[in-house]
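Note that ligands are numbered from 1 as they come in the structure, with each ligand's atoms numbered from 1 the same way. Just so you know, these numbers come straight off a predicted model, no measurement behind them. Hydrogens, waters and symmetry mates are skipped; everything else that's a heavy atom, side chains included, is used. For the single chain, residues carry numbers from 1 onward in sequence order.
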Amino acid sequence: MPGTPAYVPVEDERQIPERIGQLHAQTVVLDVEPLIATWNSGQQSLDEGVARLMTQIGELPEVRVVCFATNSARRPSRMPDAPGKQVLYLASARKPLHTEPFLRLPRPGVVVGDQVATDGLLARRLRYAFVHFRPPLREMPVGPLLFRGGGELLRPLLFR
Ligand SMILES: [Mg+2]
């Protein structure tokens, strides 16, 4: 069907900024675990991860809004400045059910995340592209690993 948003699997996180640029995204929704900081990491790695991703995405001229969104309750202790860009951070984001925070953000948009059942489904509901970050399985704790297995069953239903 025409206009179906893209599904872009990525295994190396260093490719993510380039993929976002290729999609001409104006809004980027970033899942937090494990792209920004791994599941069991502390405050310092979350702060460093947020700053690292903002530096990378800050170089993409078409991006206007960067929204970190995690279903966990953790928050960074400070938000980095990004000249010319709006930066949002949603903790307890209730992905994929809660779409309201995204509805007025500029399009096209992209969700970057590791779980089809939350990040991918949120992308589908918003008609955003989905950059599916697929880190090596050995790096995943058992909870997210099982959840990922379930999400894989869902993927062909959501994305061609
Ligand atoms: Mg995740």
Colleague: Whether D114 and R134 form a salt bridge (side-chain N of Lys/Arg under 4.0 Å from carboxylate O of Asp/Glu) is what I want to check.
Modeller: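 Here R134 does not pair with D114 in a salt bridge, since their nearest N and O are not under 4.0 Å apart.
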
Colleague: Hey, quick one: are V28 and V10 part of the same hydrophobic cluster, counting side-chain heavy atoms closer than 4.5 Å, chains of contacts allowed?
Modeller: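 Yes; V10 is reachable from V28 via cluster members.
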
Colleague: Within this structure, what is the CG-CZ distance for the pair L35 and R52, rounded to the nearest 0.5 Å?
Modeller: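 The distance works out to 7.0 Å.
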
Colleague: Listing by chain and number, which protein N, O or S atoms are under 2.8 Å from the Mg ion (ligand 1)?
Modeller: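 D31 OD2, E33 O, D114 OD1, with waters left out.
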
Colleague: Quick check: are there more than 12 heavy atoms from other residues, nucleotides or ligands sitting under 6.0 Å from CD of E100?
Modeller: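 Atom CD in E100 is packed in, count exceeds 12.
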
Colleague: Would you please say whether a donor-acceptor pair under 3.5 Å links the side chains of S72 and E33?
Modeller: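 Judged by distance alone, the side chains do pair up.
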
Colleague: OG1 of T27 to NZ of K85: how many Å apart, nearest 0.5 Å?
Modeller: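 Reported to 0.5 Å precision, the distance equals 11.0 Å.
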
